[in-house]
A.B. asks: 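One structure, as structure tokens, below. Some questions next.
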Amino acid sequence: MTLEKAALRPLLAIAVPTFNRMDCLRETLSPLLESGLLSQQIQLFVYDNASDDGTSSWLDSLRARPGCNVVRQPLNLGIEGNIIDAMLRSTGQYVWTLSDHMKLRVDAIKTFIDRLPHLAASGVDVIYAHISSYGAVRGLDKPYMPFPWRHLTPTEQSRFLFRTGNTSAMITSDRLRAASARSLFRFSGFSYPHLGVYAYIRSDSLVAETEPLSDFLNTPATHTKTPAYNSFRSRFLGYPQAIRELRRLNNVVTPNSAGLTQAIGALRMDVVELLRSDTPVASYPLVGPLMTFPWRATPFIVSAMTMKALPRKVRKRVSDLVFRSAIQHAYGRPARSQPDFRINE
């Protein structure tokens, strides 16, 4: 890249992949649009994944605003494809890939932007902006508290990324994204494209941390991830495969890391999907996952696979009885209520 082209790049690109989430998207972007922060140096890029709910019309009204860029995908690329496009096509020295379901802390973002030129001059590759509204990410008995990213072991870092699917807290340099571009596409097959970047974060990577810049909205999402993305098959098979690929690219990662030691919460939701589906049990090979998941997950997995022999109505009833009570215990909600939102990048 020539010096002239480099000078034209914004210092920070805030890249927001979205699909049919107009209400959440407007709530996320409005404080930023009204803040006066957007300029030639701080730009917004919204990647509309062929929405058909009015999102595109609203985004068209933003095109004339300074610092606003809208990309309308010609067809739906899938969640992973849109995230990858947002990461790689946004022309910033740093790119913050932000979920369309976030509450922005504008004052904290202003402070961060003032600090960013110094971080860039220091050659920082990863900036981790804590998110404080995850609740019990690290365990049901341990409420989430911000902590220094650089002090986490690779197992703890990757556990965090797997459990949250969190790109909204990671701001990455163009150098890191260029190095990880091929891996981003490779990891999209596992439904974890953000791990393509994580694979290139090593112990000698320059990492900075900031105070929280965003939190998840309490507004219910009108459109969540597709069933295929949340399916038991996708994540059940995806975890072990992603682990093998991650370890191949980054030898610092140890067996059973990248969230596997804390995957029971996500696995529970996937088991519900399995019990309610008509997909034959033969589609869920056991050997690979059982060799990779921690031993305490084995009875859980085997029991769910065995129950596939029961009629679907029976499985659905068992799923309702067992897992609604578990959700009530974990979240303190009435058994019939649903979580306020789902993470959707």
A.B. asks: Are Val46 and Trp58 side-chain neighbours, meaning at least one heavy-atom pair lies under 4.5 Å?
C.D. replies: no
A.B. asks: For the residue pair Phe19 and Ala50, what are the closest heavy atoms and their distance?
C.D. replies: CE1-O, 3.7 Å
A.B. asks: Show the nearest heavy-atom pair for residues Ala208 and Arg115, with the distance to one decimal.
C.D. replies: CB-NH2, 4.4 Å
A.B. asks: For Ser122 and Val124, indicate whether the former's side chain and the latter's backbone hold a donor-acceptor pair under 3.5 Å.
C.D. replies: no
A.B. asks: What is the distance from atom CG of Leu12 to atom OH of Tyr94, rounded to the nearest 0.5 Å?
C.D. replies: 10.0 Å
A.B. asks: Check Ile171, Val197, Val207 against Val126 for a side chain to side chain contact (heavy atoms under 4.5 Å, CB included) and give me the one that passes.
C.D. replies: Val207
A.B. asks: What pairs with Lys103 under side-chain contact (heavy atoms from CB on, under 4.5 Å), at least two apart in sequence or on another chain?
C.D. replies: Leu217
A.B. asks: Holding to salt bridge (charged side-chain N to carboxylate O under 4.0 Å, His left out), I want the full list of residues that pass it with Arg186, two or more places apart in sequence or in another chain.
C.D. replies: Glu245
A.B. asks: Quick one: does Leu62's side chain get under 4.5 Å of Leu59's, heavy atoms only?
C.D. replies: yes
A.B. asks: List for me each residue that meets side-chain contact (heavy atoms from CB on, under 4.5 Å) alongside Ser90, sequence neighbours excluded, and say none if there are none.
C.D. replies: Ala13, Ala15, Phe45, Tyr47, Val95
A.B. asks: List for me each residue that meets side chain to side chain donor-acceptor pair (under 3.5 Å) alongside Arg317, sequence neighbours excluded, and say none if there are none.
C.D. replies: none
A.B. asks: Can you sort out the partners of Arg63 under side chain to side chain donor-acceptor pair (under 3.5 Å), two or more places apart, ordered by chain and number?
C.D. replies: Asp60
A.B. asks: Met170 versus Ile201: any side-chain heavy-atom pair under 4.5 Å?
C.D. replies: yes
A.B. asks: Does a side-chain heavy-atom distance below 4.5 Å link Arg21 with Thr55?
C.D. replies: no
A.B. asks: Kindly indicate, with the supporting measurements, whether the criterion salt bridge (Lys or Arg N to Asp or Glu O under 4.0 Å) is fulfilled by Lys110 and Asp114.
C.D. replies: CA-CA 6 Å; Lys110 290 178 180 178; Asp114 290 340; over 6 Å; no
A.B. asks: Answer yes or no: is there a side-chain heavy-atom contact under 4.5 Å between Ser39 and Ile42?
C.D. replies: yes
A.B. asks: Go through the structure and list residues passing salt bridge (charged side-chain N to carboxylate O under 4.0 Å, His left out) with Arg315, not counting sequence neighbours.
C.D. replies: none
A.B. asks: Extract all donor-acceptor atom pairs below 3.5 Å that involve side chains of residues 24-38 and protein atoms in other chains or at least two apart in sequence.
C.D. replies:
residue	atom	partner	partner atom	Å
Glu27	OE1	Thr219	OG1	2.7
Glu27	OE2	Thr219	OG1	3.3
Thr28	OG1	Cys24	O	3.1
Thr28	OG1	Asp100	O	3.2
Thr28	OG1	Met102	N	3.0
Thr28	OG1	Met102	O	2.8
Ser30	OG	Arg26	O	2.6
Ser35	OG	Leu32	O	2.7
Ser35	OG	Leu37	N	3.2

A.B. asks: Taking the side chain as everything from C-beta on, heavy atoms only, tell me whether Trp96 gets closer than 4.5 Å to Ile109.
C.D. replies: yes
A.B. asks: Check side chain to side chain donor-acceptor pair (under 3.5 Å) between Glu211 and all other residues, then give those that pass, not counting sequence neighbours.
C.D. replies: none
A.B. asks: Is there a side-chain contact between Pro17 and Thr97 (heavy atoms, below 4.5 Å)?
C.D. replies: yes
A.B. asks: How close do Phe185 and Ser188 get, counting heavy atoms only, and between which atoms?
C.D. replies: O-OG, 2.6 Å
A.B. asks: I need the Ser214 OG to Leu104 CG distance, nearest 0.5 Å.
C.D. replies: 6.0 Å
A.B. asks: Please identify each residue that fulfils salt bridge (charged side-chain N to carboxylate O under 4.0 Å, His left out) with Arg65, with sequence neighbours left out.
C.D. replies: none
A.B. asks: Under 4.5 Å between any side-chain heavy atoms of Phe112 and Ile127, yes or no?
C.D. replies: yes
A.B. asks: I'd like to check the side-chain contact (heavy atoms from CB on, under 4.5 Å) partners of Val314; sequence neighbours left out, ordered by chain and number.
C.D. replies: Leu310, Pro311, Val318
A.B. asks: Does Ala181 have any side-chain contact (heavy atoms from CB on, under 4.5 Å) partners at least two apart in sequence or in another chain, and if so, which?
C.D. replies: Leu88
A.B. asks: Which residues pass the salt bridge (charged side-chain N to carboxylate O under 4.0 Å, His left out) test with Arg72, sequence neighbours left out?
C.D. replies: Asp48
